[in-house]
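Positions are given from 1 along the sequence. Side-chain atoms are counted along with the backbone in the values below, which use heavy atoms only and exclude waters and symmetry mates.
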Amino acid sequence: RDAAGARLAMRSGRRSGRAPDASAMERRAAAAAAGGPGPGLGLGPNHDPGPGPASTSARCPGPAAGPPRNVLDLPPELLVEIFCLLPGMSLPGLAASCTKFHQILATDTIWRRRCRAEYGVSENLRRLETMGIACRDLYVKLLHPYRNILGLWQPDIGPYGGLLNVVVDGLFIIGWMYLPPHDPRVNDSMRCKPLFRIHLWEKNKAEVECMYGHKGSHKGDIQIVKKDEFSTKCNQTDFHRMSGGRQEEFRTWLAEEWGRTLEDIFHEHMQELILMKFIYTSQYDNCLTYRRIYLPPPSPEDLIPPGLFKGTYGSHGLEIVMLSFHGTHVKVTKITGDPNVPAGQLTLHIDMTRRVHLPDIEHLQNFDKLSRMVLEIHQQVQCDQQNQEHCHASTQHCLDSSQPACNGVQERQEQGVNAAGVDMQMDAEGAAAGEPGAAGLPFVLPVGVMARNEVYPRTCRACFYGTGLIAGHGFTSPERTPGLFILFNEQCFGFIWLDLKSFSLYSRIEDSLKNAQAPFREAFELMLKNMQSWTS
């Protein structure tokens with residue numbers, strides 16, 4: 001009868017569209033497993049009814065407290081530890097989900113740890129309490145809204161460019177402009193100048209201040225155009241003016257930029273270039289647009305660590321460049337520039353498969369001999385390029401080995417020797433393995449080569465063929481001309497411009513630049529490509 005009644009109940013449940021009560025079934029199963037009575041179930045075979053109802057209730061306690069079935073059941077101190085591990089940008093949405101989370105996320109410990117983990121803010125956080133500012137306000141109203149301007153940037157100042165690093169500095173976000181040392185002291189440290197800062201006042205509102213000029217901070221504004229671009233604006237440009245007028249402003253700028261007076265500069269062309277730069281750059285009044293740039297990603301195959309260098313460029317003074325590796329080629333791109341070759345352009349292009357074996361010191365001092373060696377390689381490179389273009393134009397014809405010019409290039413490359421007698425295969429392998437010049441090769445500049453800085457290393461690791469970019473004023477008639485790339489050591493390299501008979505010395509920038517790494521290699525390559533279009 002019991003079985004028939006159960007089947008009848010199940011059929012009536014199906015007819016009414018109701019599913020069996022799962023929770024009731026679980027309770028019955030738990031009671032049966034414990035040997036106790038379950039609702040609707042008979043007693044077990046070993047059940048002892050006992051003396052009476054009181055004894056029965058004593059042997060059948062209520063359900064035991066098990067693990068929490070919901071995150072809301074967790075104790076508050078455990079939720080605080082969990083929330084401390086979550087990214088800060090997800091916490092406001094979490095606080096809006098329920099009242100309990102909203103109350104727990106008001107704990108300043110969570111936001112203090114997020115400020116430290118995501119933005120490196122560790123010192124001065126205790127000062128916020130005395131200022132009446134919570135760590136949550138610091139994160140939500142300052143650090144998170146302006147997170148996209150942190151990193152390395154190039155300002156749009158015509159051909160001159162620049163290098164700006166925006167960092168979290170204590171309780172501020174500060175934009176530091178990096179300037180080369182005074183010409184020609186290429187080995188000196190970089191100079192830093194604050195252009196703007198963002199911070200919280202007692203009103204718990206982020207305020208932007210312009211730091212340009214000599215009258216202290218004043219009101220400014222920042223507009224984030226998009227993720228990789230932002231602009232600054234000064235709202236009180238009268239703070240940039242000086243009582244002595246433009247002449248006093250020029251003298252002050254000249255002392256800061258060049259470390260000298262106009263009377264100390266005897267070269268008339270150099271005076272014109274300096275005056276032109278002052279007129280051009282001062283018209284912006286710190287109202288600039290910035291575009292994001294990245295440091296070159298390193299690779300174990302690189303001959304030296306890539307990075308930023310400062311180098312001499314004749315009358316234009318010291319400029320900042322970026323050295324990066326691309327297979328067997330080295331690219332040196334301008335971060336700052338001049339009216340002839342602007343920022344963003346590829347100033348040097350080095351072929352590491354074309355190593356140049358220098359003669360002894362006595363013959364190295366002869367410029368004509370060195371020039372002939374480099375020009376022979378240059379002519380061979382041009383010949384190879386022409387043959388390769390011809391081969392590509394008739395690809396199938398060339399693959400069938402019916403073109404003698406292609407065969408000639410192929411035979412020379414298979415032999416690993418170019419027309420200048422340089423062992424290309426050995427040098428490519430040596431460059432990849434980092435072997436060139438392990439013991440140091442003696443080096444001296446040829447007689448007649450002009451150098452802004454005579455303090456250069458007298459030994460080098462290796463020398464390679466390369467080309468340098470020269471142009472007329474206004475970047476007119478740009479041309480790549482042959483030259484010699486000299487790798488002195490990991491901190492220093494040089495380039496001899498054959499057509500100009502001049503020498504540029506480059507020294508590594510040792511400053512630690514934050515938030516400057518490219519997310520992936522393709523992003524860096526795209527940035528290099530875009531940089532040339534910014535100033536072309």
Report task. Determine whether the side chains of D384 and Q380 contain a donor N or O and an acceptor N or O closer than 3.5 Å. Result ->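 On atom types as modelled, these side chains qualify, holding a pair under 3.5 Å.
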
Closest approach of [X] to [Y] (non-hydrogen atoms, all atoms of both residues):
{"X": "A471", "Y": "N340", "answer": "O-ND2, 3.0 Å"}
{"X": "A343", "Y": "Q154", "answer": "CB-NE2, 3.6 Å"}
{"X": "L500", "Y": "M450", "answer": "O-CE, 3.7 Å"}
{"X": "C210", "Y": "H240", "answer": "SG-NE2, 3.6 Å"}
{"X": "R452", "Y": "G314", "answer": "NE-O, 3.5 Å"}

With sequence neighbours excluded, what pairs up with [X] under the ring-ring contact (aromatic ring centres under 6.0 Å, His included) test?
{"X": "F278", "value": "F250, W253"}
{"X": "F493", "value": "F309, F485, Y506"}
{"X": "H329", "value": "H349"}
{"X": "F495", "value": "W497"}

All pairs passing salt bridge (Lys or Arg N to Asp or Glu O under 4.0 Å) where [range] contributes a residue, at least two apart:
{"range": "residues 493-509", "value": "none"}
{"range": "residues 511-520", "value": "none"}
{"range": "residues 517-526", "value": "R521-E525"}
{"range": "residues 246-255", "value": "R241-E249, R246-E249"}

Report task. Determine whether more than 12 heavy atoms belonging to other residues, nucleotides or ligands lie under 6.0 Å from atom NZ of K215. Result ->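 Yes, enclosed.
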
Query - Distance, nearest 0.5 Å, that separates CD1 of I350 from CD1 of I486 - result: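 One gets 9.0 Å once the value is rounded to the nearest 0.5 Å.
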
**Report entry** Straight-line distance of L358 CG to H363 NE2, nearest 0.5 Å
**Finding:**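 Taking CG in L358 and NE2 in H363, the distance rounds to 13.0 Å.
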
Report task. Over 60° means perpendicular and under 30° means parallel, so classify the ring planes of F503 and F488, tilted if in between. Result ->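 The rings of F488 and F503 stand perpendicular, inter-plane angle above 60°.
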
Query raised in the report: So which pairs with a foot in residues 465-484 pass side chain to side chain donor-acceptor pair (under 3.5 Å), sequence neighbours left out?
Result: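 Output for this query lists H378-Y465, T467-R480.
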
Enumerate donor-acceptor pairs with a distance under 3.5 Å from any side-chain N or O in residues 170-180 to protein atoms, sequence neighbours excluded.
none

Report task. Sequence neighbours left out, what passes side chain to side chain contact (heavy atoms under 4.5 Å, CB included) with V186? Give chain and number order. Result ->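 V186: side chain to side chain contact (heavy atoms under 4.5 Å, CB included) contacts with K310, T312, L318, N453, L505, S507.
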
Query raised in the report: Of E319, Q532, Q345, which is the lone residue that meets side chain to side chain donor-acceptor pair (under 3.5 Å) with K334?
Result: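 So the option named by the test is E319.
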
Query raised in the report: Which residues pass the side chain to side chain donor-acceptor pair (under 3.5 Å) test with E118, sequence neighbours left out?
Result: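 Once residues adjacent in sequence are excluded, the partners of E118 under the side chain to side chain donor-acceptor pair (under 3.5 Å) criterion are R114, Y139.
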
